[in-house]
Amino acid sequence: IAPQFVLFSGIAGLLAGGHFPLVLGGGHELAYGSWRGLADHLAARRGPPPRIGIVNLDAHFDLRDPARAHSSGTPFAQIAEDCAARGWPFRYACLGVSRAANTRALFARAAALGVLVREDRELTPAGMDAVGAELDAFIAGSEHIQLTIDLDVLPAAEAPGVSAPAARGVPLALLEPLVERVRDSGKLRLAELAELNPGFDIDHRTARVAARLVHLLTLEG
């Protein structure tokens, strides 16, 4: 049985049981498996196409062409294709993007897909009110939210245990209020933490950040 099938069938089962799935990884390809589980759960309820909003805190778009192979760089392109096949809207917000770590073609693809994009250099103390307002508007236009956090969005000093440590990144102190906004929206259905690699970690820094985020996600606002 393919790992993705195990993931999305497990997610669908947990959601049907009224649980809040929290997925820990591993490569970011898990985001497609999580979305598929949520999509299958919602499709079983019938009715109009659901508006699933994906909020990705990440240095990378992960919108590479999945035609050649599926990988940690393709999950949101896979979701876009799946949405198109189902006749569902594709709603995707990627916050913390590094312009140095994404090609012009990926920025163009994000624009063509109508992705809400905010770069790492925009997530500063002075800019957080504006970013938060945009996030609130994105959430308001969605019925269900999938939150996915790629730990490589954080500065390398805070999260060294990832496959692509960030030269700049977005500090945890600025990410936490965004996570809280999503958590407290009443629309969060599942969440993921991706790219934790203990083999690259230093003094368990990344693991401690991941644990703190898990704690934050499970608190009641």
Side-chain angles (χ1 to χ4, degrees), residues 3-4 6-7 10-11 20-35 37 54-64 70-76 92-102 106 117-125 127-128 131-132 135 145-184 188-219 221:
Q4 288 282 31
V6 173
L7 178 58
I11 292 288
F20 173 67
L22 181 54
V23 183
L24 305 178
H28 212 175
E29 60 268 21
L30 60 83
Y32 174 71
S34 295
W35 181 88
I54 304 164
V55 178
N56 182 25
L57 305 179
D58 198 341
H60 307 92
F61 285 119
D62 293 341
L63 281 171
R64 291 203 293 264
H70 297 167
S71 71
S72 61
T74 63
F76 304 107
Y92 178 35
C94 192
L95 310 179
V97 172
S98 167
R99 186 162 289 270
N102 294 270
L106 287 172
V117 179
R118 285 295 167 260
E119 296 183 34
D120 51 6
R121 58 186 177 178
E122 296 177 278
L123 273 65
T124 64
M128 291 306 293
V131 172
L135 178 58
I145 297 293
Q146 172 182 355
L147 174 64
T148 181
I149 304 172
D150 190 323
L151 292 168
D152 71 18
V153 72
L154 292 150
E158 294 185 17
V162 296
S163 59
R168 177 177 178 139
V170 182
L172 181 63
L174 296 182
L175 288 181
E176 284 187 336
L178 300 178
V179 173
E180 289 172 334
R181 271 183 140 96
V182 176
R183 181 199 66 194
D184 297 341
L188 181 61
R189 304 293 178 251
L190 76 162
E192 305 129 20
L193 292 173
E195 298 291 346
L196 175 59
N197 189 328
F200 293 163
D201 211 356
I202 299 172
D203 298 329
H204 306 295
R205 288 181 211 166
T206 318
R208 293 178 197 278
V209 168
R212 182 177 174 91
L213 288 168
V214 167
H215 181 254
L216 186 67
L217 282 165
T218 53
L219 287 174

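Here the rule is side chain to side chain contact (heavy atoms under 4.5 Å, CB included) with Arg183, and of Leu219, Ile145, Leu147 only Leu219 fits it. Remark: of the listed residues Leu193, Leu22, Thr218, Leu193 is the sole one forming a side chain to side chain contact (heavy atoms under 4.5 Å, CB included) with Leu213.
For Asp62, the side chain to side chain donor-acceptor pair (under 3.5 Å) test picks out His28, with sequence neighbours left out. For the salt bridge (charged side-chain N to carboxylate O under 4.0 Å, His left out) test, no residue two or more places apart in sequence or in another chain qualifies with Arg189. Considering only residues two or more places apart in sequence or on other chains, Pro165 meets the side chain to side chain contact (heavy atoms under 4.5 Å, CB included) condition with Ala156, Val162. The side chain to side chain contact (heavy atoms under 4.5 Å, CB included) search around Asn102 returns His60, Phe61, Val97, Leu106, Phe107, not counting sequence neighbours. Ala159 pairs by the side chain to side chain contact (heavy atoms under 4.5 Å, CB included) definition with Leu154, Thr206, not counting sequence neighbours.
Within the 4.5 Å cutoff, the side chain of Thr148 has no heavy atoms near those of the Trp35 side chain. Counting heavy atoms from C-beta on, the side chains of Leu123 and Val131 come closer than 4.5 Å.
Atom CG of residue Leu151 and atom CG of residue Leu172 lie 10.0 Å apart, to the nearest 0.5 angstrom. Atoms CD and CG, on Gln146 and Leu190 in that order, are 5.0 Å from each other to the nearest 0.5 Å.
For residues 157-169, every residue pair satisfying the side-chain hydrogen bond (donor to acceptor under 3.5 Å, both in side chains) rule, not counting sequence neighbours, is listed here: Ser163-Glu195. For residues 203-212, the set of pairs meeting the salt bridge (charged side-chain N to carboxylate O under 4.0 Å, His left out) definition, not counting sequence neighbours, comprises Glu176-Arg212.
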